Amino acid sequence: MQQNGVYDLLKMLEISLEEGFPIVPRKFTVVKTKEIETLIDRIYASLPVEVQEARAFLRRRDELQAEAQQKAEKIVKDAQMEADRKLSEADFIKALEREGIRIRTQVQQECEEIKRKAMEEAENIRLQATEDAMRTKEGAELYAEQVLTNLEKNLTQQQQIVKNGQVYMEKLRSDAYGAYDTSYPSDRNQEDFVIR
């Protein structure tokens with residue numbers, strides 16, 4: 001859906017909120033929940049693909065981070081349980097603890113790296129979406145300016161046509177009065193007009 005559709009849907013949401021029933025002391029308004037939810041769903045669906053992809057990417061990043069954290073905790077927990085179950089000597093237990101810490105540190109570093117890359121990609125997508133939005137806005141403003149300039153030119157031409165028509169009508173009126181005056185001169189004898 002076009003970007004314009006998002007603005008239209010936001011306007012519809014604003015109208016729905018304005019049409020709600022205010023409750024005294026006007027701090028709260030009763031609205032149609034289904035209508036608002038439907039509009040919000042349509043707004044989400046109308047967002048540019050880049051924004052939707054960025055949101056999905058961030059959700060996936062959070063899932064991967066949580067998954068990696070769970071794996072790290074499970075590895076450490078499993079190593080600890082295995083060490084507790086199999087080893088009784090302190091040296092072996094300490095060795096396993098060190099290994100667990102090493103594995104946990106390694107997994108945490110990997111998680112941080114995944115998080116860093118996800119943040120970079122999300123920022124790149126956000127910057128690209130911002131640039132695209134700016135280009136779209138600039139194009140729309142340029143188009144509006146061209147339309148207004150053309151409209152002004154057309155109005156000026158129409159105004160000139162009207163003005164020319166008024167001048168022409170005035171000339172016709174003057175010519176008609178002039179022709180009338182020359183047809184019936186005022187110095188003719190009164191008797192010329194008497195019916196015989």
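No experiment lies behind these values; they were computed from the predicted model shown.
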Glu35: what forms a salt bridge (charged side-chain N to carboxylate O under 4.0 Å, His left out) with it, not counting sequence neighbours? none
Can you name the side chain to side chain contact (heavy atoms under 4.5 Å, CB included) partners of Glu170, sequence neighbours left out? Arg173, Ser174
Which atoms form the tightest heavy-atom contact between Lys115 and Arg61, and what is the distance? O-CD, 4.1 Å
Return the NZ to CD distance between Lys117 and Glu113, rounded to the nearest 0.5 Å. 5.0 Å
Taking only residues two or more places apart in sequence, or in another chain, which ones meet Lys34 in a salt bridge (charged side-chain N to carboxylate O under 4.0 Å, His left out)? none
Can you list the residues that meet the side chain to side chain donor-acceptor pair (under 3.5 Å) rule with Arg126, with sequence neighbours excluded? Glu123
Side chain to side chain contact (heavy atoms under 4.5 Å, CB included) involving Leu172 - partner list, sequence neighbours excluded: Tyr168, Met169
Pairs satisfying salt bridge (charged side-chain N to carboxylate O under 4.0 Å, His left out), at least one member in residues 149-163, at least two apart: none
Gln109 meets the side chain to side chain donor-acceptor pair (under 3.5 Å) criterion, sequence neighbours left out, with none
For Glu37, look at atom CD and say whether over 12 heavy atoms of other residues, nucleotides or ligands are found less than 6.0 Å away. yes
Enumerate, atom names and distances included, each donor-acceptor pair closer than 3.5 Å involving a side-chain atom of residues 65-76, sequence neighbours excluded.
residue: Gln69; atom: NE2; partner: Glu73; partner atom: OE2; Å: 3.3
residue: Lys74; atom: NZ; partner: Asp78; partner atom: OD2; Å: 2.8

Do Ile101 and Thr105 have side-chain heavy atoms sitting under 4.5 Å apart? yes
With sequence neighbours excluded, tell me which residues meet side chain to side chain donor-acceptor pair (under 3.5 Å) with Glu14. Lys11
Of all residues at least two apart in sequence or in a different chain, which pass the salt bridge (charged side-chain N to carboxylate O under 4.0 Å, His left out) check with Asp41? none
Could you work out, with side chain to side chain donor-acceptor pair (under 3.5 Å) as the rule, every residue matching Gln160, not counting sequence neighbours? Asn164
Straight-line distance of Gln106 CD to Glu99 CD, nearest 0.5 Å: 9.0 Å
Non-neighbouring partners of Glu120 that pass salt bridge (charged side-chain N to carboxylate O under 4.0 Å, His left out), sequence neighbours left out: Arg116
Evaluate whether atom CD of Glu145 has more than 12 neighbouring non-hydrogen atoms of other residues, nucleotides or ligands under 6.0 angstrom away. no
Can you tell me how far the OG1 atom of Thr156 sits from the CD1 atom of Ile161, to the nearest 0.5 Å? 11.0 Å
Distance-only donor-acceptor check, side chains Gln128 and Asp132, under 3.5 Å: yes
